[in-house]
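What follows is a single structure, written as structure tokens, with notes after it.
Counting from 1, the numbers follow the sequence of the chain as shown.
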Amino acid sequence: MIILALETSCDETAVALMDAAGHVLSSRIASQEDAHRLFGGVVPEIAARAHLENLPPLLDAALRDAGVKLADVSAVAATAGPGLVGALLVGLSEGKGLALGLGVPFVPVNHIEGHALSPFLSVDGEAASAVPESFAALVVSGGHTHVFAFSGRGIERLARTRDDAAGEAFDKVAKMAGLGYPGGPAVDRLARRGAARRPFAVAQFKDRSLDFSFSGLKTAVRERLGELGRTPEEDAPQGLCDLMADVEEAIVAQLLDRLARLHDTRRFGVLSVSGGVAANTLVRERIPAWGRSRGVDVRVAPRALTGDNAVMIAFAGQRRLAAGRLGEGLGAVARSRWPLETLA
Ligand code: KG4
Ligand code: ZN
């Protein structure tokens, strides 16, 4: 049983092949960062066109890497949402066409489910680890900051951001500081050269909601940035490195505040941490450390699978296939919004 997966929801074109035990047979990712950098963000029309160009050679390369022929593929999965509709349509249509042509099942996959399951995957040739029946999932990326509870009863959304996503906060702060796009990795690098000195307040809602809010941080950072000039990353003054360390601390402090309060009432035994921001050094240190102090088994996605990739889509697709839950199958449409909690 070999599943082929395609991911084209945003600015990464990705193809992966996986076997029934969850071994990664191949994984190819074509980043479009260079095409969008000029605009300081993802341009939907450019993304869709780039997917169309990148996908055929990427598919050939992924098959070659795995030593697999198309005829060996026993199911096809593709991301159907949430994401940019024009971009999604490229992978979704290609996936449906391949499944139809091969006469194998087609599984539409929710991108966020892919992220949430990615911490159970291995990238060093080992099989995927067993996914527990119930676990909490923190998904932190450029577009999402969500906490879900997965259980036999289904998927429940426990918290979401009310304004910016955590990755968006990293990106906006980096842009204000003249650090370029995407900003998370640059903030991470500068923070390593600095020390957090002046903590930012953790945003709280009057109703004690567990939702996230990162837009206030941006404003607070803008004020402090005024005290520093704009410089290229290599020449960043110590004050900027320290400020980026404060920003990183503030974002991680809010994630931990919500997780700790959630754990007080929900008591989860396993927590998966995924999405682009799960690549962040402090996130990878602090959340597992918190878990150890509370008896929570924290699984952070392998660094290589924190950003968008097709391995996670293959894994989510394979689980749905095994459970006989193909959703709308070939009838699936591309969805810009597709709340995970609406899935069975
Ligand atoms: O999951 P992803 O590749 O795309 C989305 O689905 O959004 O996440 C990208 C986000 C960007 O906001 C990027 O700045 C952030 O993840 N990111 C990081 C780091 N690496 C990527 N944020 C903080 N520290 C990092 N090391
Ligand atoms: Zn993503």
Side-chain angles (χ1 to χ4, degrees), residues 10-12 29-43 46-47 50 140-145 161 163-203 212-256 273 275-289 300-309:
C10 190
D11 60 344
E12 250 97 36
I29 302 172
S31 167
Q32 307 175 4
E33 250 167 46
D34 293 337
H36 300 284
R37 182 167 291 120
L38 192 62
F39 306 95
V42 179
V43 184
I46 294 178
V140 267
S141 72
H144 306 271
T145 303
T161 180
D163 41 60
D164 294 346
E168 206 175 345
F170 274 112
D171 292 338
K172 286 181 176 171
V173 163
K175 194 170 182 176
M176 287 191 294
L179 296 172
Y181 165 87
V187 174
D188 194 338
R189 285 191 297 271
L190 287 195
R192 305 279 78 70
R193 288 159 52 190
R197 297 181 193 284
R198 296 165 65 191
F200 289 102
V202 170
F212 299 95
S213 170
F214 293 103
S215 66
L217 179 64
K218 211 171 45 197
T219 317
V221 173
R222 187 177 292 121
E223 282 166 20
R224 289 199 204 169
L225 267 175
E227 305 163 13
L228 303 155
R230 279 168 71 110
T231 43
E233 192 181 324
E234 315 79 73
D235 308 323
Q238 194 56 43
L240 184 62
C241 297
D242 293 349
L243 176 56
M244 294 303 114
D246 281 319
V247 166
E248 202 185 61
E249 283 282 346
I251 292 173
V252 175
Q254 187 176 148
L255 297 176
L256 281 176
V273 181
V277 177
N280 180 266
T281 308
L282 201 65
V283 166
R284 300 182 80 85
E285 266 171 37
R286 290 282 174 81
I287 301 185
V300 186
R303 218 180 256 271
L305 299 180
T306 51
D308 290 346
N309 65 85

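Of all non-hydrogen atoms in A279 and T306, the two that sit nearest each other are CB-OG1, 3.5 Å. The shortest non-hydrogen separation linking P288 to V283 is CD-O, 3.5 Å. Summarising the geometry of V140 relative to A166, their closest heavy-atom pair is CG1-CB, 4.1 Å, with the distance given to 0.1 Å. Residues L217 and A250 share a closest heavy-atom pair of CD1-CB, 3.9 Å. Residues K218 and M176 come closest through the heavy atom pair O-CE, 3.4 Å. Contact detail for A236 and R193: the closest heavy-atom pair is O-NH2, 3.7 Å.
No side-chain heavy atom of F212 sits less than 4.5 Å from a side-chain heavy atom of D163. Side-chain contact between V173 and L243: absent, with no pair of heavy atoms (C-beta onward) separated by less than 4.5 Å. Side chains of C10 and V42 form a contact here, defined as non-hydrogen atoms less than 4.5 Å apart. Side-chain atoms of V300 and I287, non-hydrogen and from C-beta on, never get closer than 4.5 Å to each other.
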*Might you work through the side chain to side chain contact (heavy atoms under 4.5 Å, CB included) test for V221 and F200, ending with a clear yes or no?*
CA-CA 9 Å; V221 173; F200 289 102; 3.8 Å; yes
*Verify side chain to side chain contact (heavy atoms under 4.5 Å, CB included) between L240 and L225, making sure each step is shown before the conclusion.*
CA-CA 8 Å; L240 184 62; L225 267 175; 3.7 Å; yes
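Checked against side-chain contact (heavy atoms from CB on, under 4.5 Å), E168 has the following partners two or more places apart in sequence or in another chain: D164, A165, K172. In terms of the side chain to side chain donor-acceptor pair (under 3.5 Å) criterion, K175 has no residue partners (sequence neighbours excluded). Residues meeting the side-chain contact (heavy atoms from CB on, under 4.5 Å) test with A201, sequence neighbours left out: none. Every residue was checked against the salt bridge (Lys or Arg N to Asp or Glu O under 4.0 Å) condition with R303, not counting sequence neighbours, and none meets it. Partners of N309 by side chain to side chain donor-acceptor pair (under 3.5 Å), not counting sequence neighbours: none found. Annotation: side-chain contact (heavy atoms from CB on, under 4.5 Å) contacts of A253 (sequence neighbours excluded): V202. Every residue meeting the salt bridge (Lys or Arg N to Asp or Glu O under 4.0 Å) condition with D246, not counting sequence neighbours, appears here in chain and number order: R224. Partners of R189 according to the side chain to side chain donor-acceptor pair (under 3.5 Å) rule, which considers only residues two or more places apart in sequence or in another chain, are E233. Looking at residues two or more places apart in sequence or on another chain, you find no side chain to side chain donor-acceptor pair (under 3.5 Å) involving T161. Among residues two or more places apart in sequence or in another chain, the salt bridge (Lys or Arg N to Asp or Glu O under 4.0 Å) test is passed with D34 by R37. Partners of R192 under the side-chain contact (heavy atoms from CB on, under 4.5 Å) rule, at least two apart in sequence or in another chain, are D188, E248, T281, L282.
Between the side chain of D171 and the main chain of G183, a donor-acceptor pair closer than 3.5 Å is present. The main-chain N or O of S213 is found under 3.5 Å from a side-chain atom of Q254 such that the two form a donor-acceptor pair. Side chain of D242 to backbone of G194: no donor-acceptor contact under 3.5 angstrom is found.
Interatomic distance, CD1 of I46 versus CZ of F39, reported as 4.0 Å (0.5 Å rounding). Taking CG from L256 and CD1 from I251, the interatomic distance works out to 12.5 Å, rounded to the nearest 0.5 Å. Atoms CG and CZ, from L179 and F170 in turn, are 12.0 Å apart once rounded to the nearest 0.5 Å.
Within the structure, every pair that satisfies the salt bridge (charged side-chain N to carboxylate O under 4.0 Å, His left out) test and touches residues 276-286, not counting sequence neighbours, is listed here: E249-R286.
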